[in-house]
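Count residues from 1 along the sequence.
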Amino acid sequence: MPIPNHPTTKYGRIVAAENDLRVLSTVRHFGYLRRHEIAMAVWPKSTPKSSYIMACRTVTRLIKDGKLVDRPNSLGGMALILTNKGVSSLRDVGIDAQDGYDLNVNGPQFFHRTMGTNYLLEKARYGDEVFGEYAILKGWSTLDLEMVRRQFHKIPDGLILHSGAAHGLRPGVHLVDWVEVESGFKSYEDVKKAFMLVSKGAELSRDGNLILNKLVFVFDSRNTHENRLLQYLKKFLAENLQLSADLVMEAIILVRCYLDVPLTWHGIDEATAADRALTSKNKVDASETNLFN
């Protein structure tokens, strides 16, 4: 009869400690998260049910240890933030962090940032490196924040980094998708600031290692943001005839986010502005054909 091997307890403690650190690091990056976002971020390859169970189990342990705390959010649920003890745990392993006590999870900004977070986590599933708005503002991304703010008079709601080497660029260079989250009405002048990014072939760092790739607009598919963005884009191109309309339309990505109330994530549908405009035109043409036939 073989001698039984019982490594489960020791191994379980190691796995639990690793999961704790990954969850704390993820909350630190985004500032605040719900359990569903933690599940997406930390267990991206598990089934939704399995990842959510693991997230809840780990969060419960971290709350009990005093490293995370729940706060009621504006969507009627709870959002997790780092405590001082959670910050200490991260700093012990060399990760700069800040507690989340000053973060407001009860205002309209919560929906805006949470939708953006879900989109970034969706992209991270496929191996893309992402930075949320909170990390960008804290200076934890590779973006030259002051240079970008001075040059473009705005900062992104998120960043997605792609290897430049995979596109024939020198090692160390990254192509960057600049993410803008549309959760409320914006005037043409506000959106125009974002459009100006693709007109300049923007470098986003002084060393030239971050190069703008795409301008990505993320919005709730249930609202009218897409039509308004296409109208604004048409106006922008009419005002800037020196630009190649084809290049600009291909450089802008419109992302429909499929949500249920209050903000249950069901995935995305991405397409260039050129493709969205063509689809919109075809719908109008079909409608007119039906009207007169």
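For His36 (side chain) and Thr264 (main-chain N/O), no donor-acceptor pair under 3.5 Å exists by modelled atom type. Between the side chain of Thr58 and the main chain of Ala55, no donor-acceptor pair closer than 3.5 Å is present. Judged purely by atom type and a 3.5 angstrom limit, Thr83 has no side-chain atom pairing as donor or acceptor with the backbone of Val69. Of the possible donor and acceptor atoms, one in the side chain of Arg28 sits under 3.5 Å from a partner among the backbone N and O of Asp96. Side-chain atoms of Arg91 come within 3.5 Å of backbone atoms of Ala97 as a donor-acceptor pair (strictly under, hydrogens ignored). A donor-acceptor pair is defined here as one N or O able to donate and one able to accept, closer than 3.5 Å; such a pair exists between the side chain of Thr272 and the backbone of Asp275.
Between Asp65 and Lys85 there is no salt bridge, since none of the side-chain N atoms of the basic residue sits less than 4.0 Å from a carboxylate O of the acidic one. We find that Glu239 and Lys192 are joined by a salt bridge, their nearest charged nitrogen and carboxylate oxygen being less than 4.0 Å apart.
Met40 and Met78 fall into different hydrophobic clusters, where Ile, Leu, Val, Met, Phe, Trp and Tyr are joined by side-chain heavy atoms under 4.5 Å apart, directly or via other members. Under a hydrophobic-cluster definition in which Ile, Leu, Val, Met, Phe, Trp and Tyr are linked whenever side-chain heavy atoms come within less than 4.5 Å, directly or via other members, Leu121 and Leu80 are assigned to the same cluster. Ile268 and Leu159 are members of different hydrophobic clusters when ILVMFWY side chains are connected at heavy-atom separations under 4.5 Å.
For the ring-ring contact (aromatic ring centres under 6.0 Å, His included) test, residues two or more places apart in sequence or in another chain that qualify with Phe131 are His29. Residues meeting the ring-ring contact (aromatic ring centres under 6.0 Å, His included) test with Phe111, sequence neighbours left out: none.
Under the 6.0 Å distance and 45° angle rule, Arg34 does not count as a cation-pi partner of Trp265.
Considering every non-hydrogen atom in both Leu215 and Val198, the closest pair reads CB-CG1, 3.7 Å. Between Ser89 and Leu24, the shortest heavy-atom distance links the atoms CB-CD1, 4.0 Å. Shown here for Glu182 and Val191, the closest heavy-atom pair between the two residues is OE1-CG2, 4.5 Å. The minimum heavy-atom distance linking Ser199 with Leu243 is given by the pair CB-CD1, 3.6 Å. Nearest approach of Ala79 to Val105, heavy atoms of both residues: CB-CG1, 4.1 Å.
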Which pairs would a plain distance check flag for residues 167-179, meaning a side-chain donor or acceptor within less than 3.5 Å of a matching protein atom at least two apart in sequence or in another chain?
residue	atom	partner	partner atom	Å
His167	ND1	Ser163	O	3.2
Arg170	NH1	Asn209	OD1	2.9
Arg170	NH2	Asn209	OD1	3.0
Asp177	OD1	Asn213	ND2	2.8
Asp177	OD1	Lys214	N	3.3
Asp177	OD2	His162	NE2	2.7
Trp178	NE1	Glu180	OE2	2.7

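In this structure the side chain of Leu204 never reaches within 4.5 angstrom of the side chain of Asp144, judged on heavy atoms. Under the 4.5 Å side-chain criterion, counting only non-hydrogen atoms from C-beta, Asn73 is not in contact with Tyr32. Side-chain contact between Ser221 and Asp269 is absent, with no heavy-atom pair separated by less than 4.5 Å. Taking the side chain as every heavy atom from C-beta outward, Val23 and Trp43 approach each other to under 4.5 Å. Contact annotation: the side chain of Met196 never approaches that of Phe152 to less than 4.5 Å [non-hydrogen atoms, C-beta and beyond]. Taking 4.5 Å as the limit, some side-chain heavy atom of Leu90 sits within range of a side-chain heavy atom of Leu82. Between Asn104 and Gln109, every side-chain heavy-atom pair lies at or beyond the 4.5 Å cut-off. Looking only at side-chain heavy atoms (C-beta outward), Phe110 and Leu263 stay at 4.5 Å or farther from each other.
Atom-to-atom distance recorded for Ser74:OG and His112:NE2 is 12.5 Å, nearest 0.5 angstrom. From Asn19, atom CG reaches atom CZ of Arg57 across 9.5 Å, with rounding to the nearest 0.5 Å.
Heavy-atom neighbours of Tyr126 OH from other residues, nucleotides or ligands within 6.0 Å: at or below the threshold of 12.
Phe195 and Phe217 have perpendicular rings, their planes meeting at more than 60° on a 0 to 90° scale where under 30° would count as parallel.
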Q | Intermediate values then yes/no, side chain to side chain contact (heavy atoms under 4.5 Å, CB included), Val261 and Arg222 | A | CA-CA 11 Å; Val261 176; Arg222 299 169 297 181; 3.5 Å; yes

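When only modelled atom types and interatomic distance are considered, Asp207 and Ser205 share a side-chain donor-acceptor pair under 3.5 Å.
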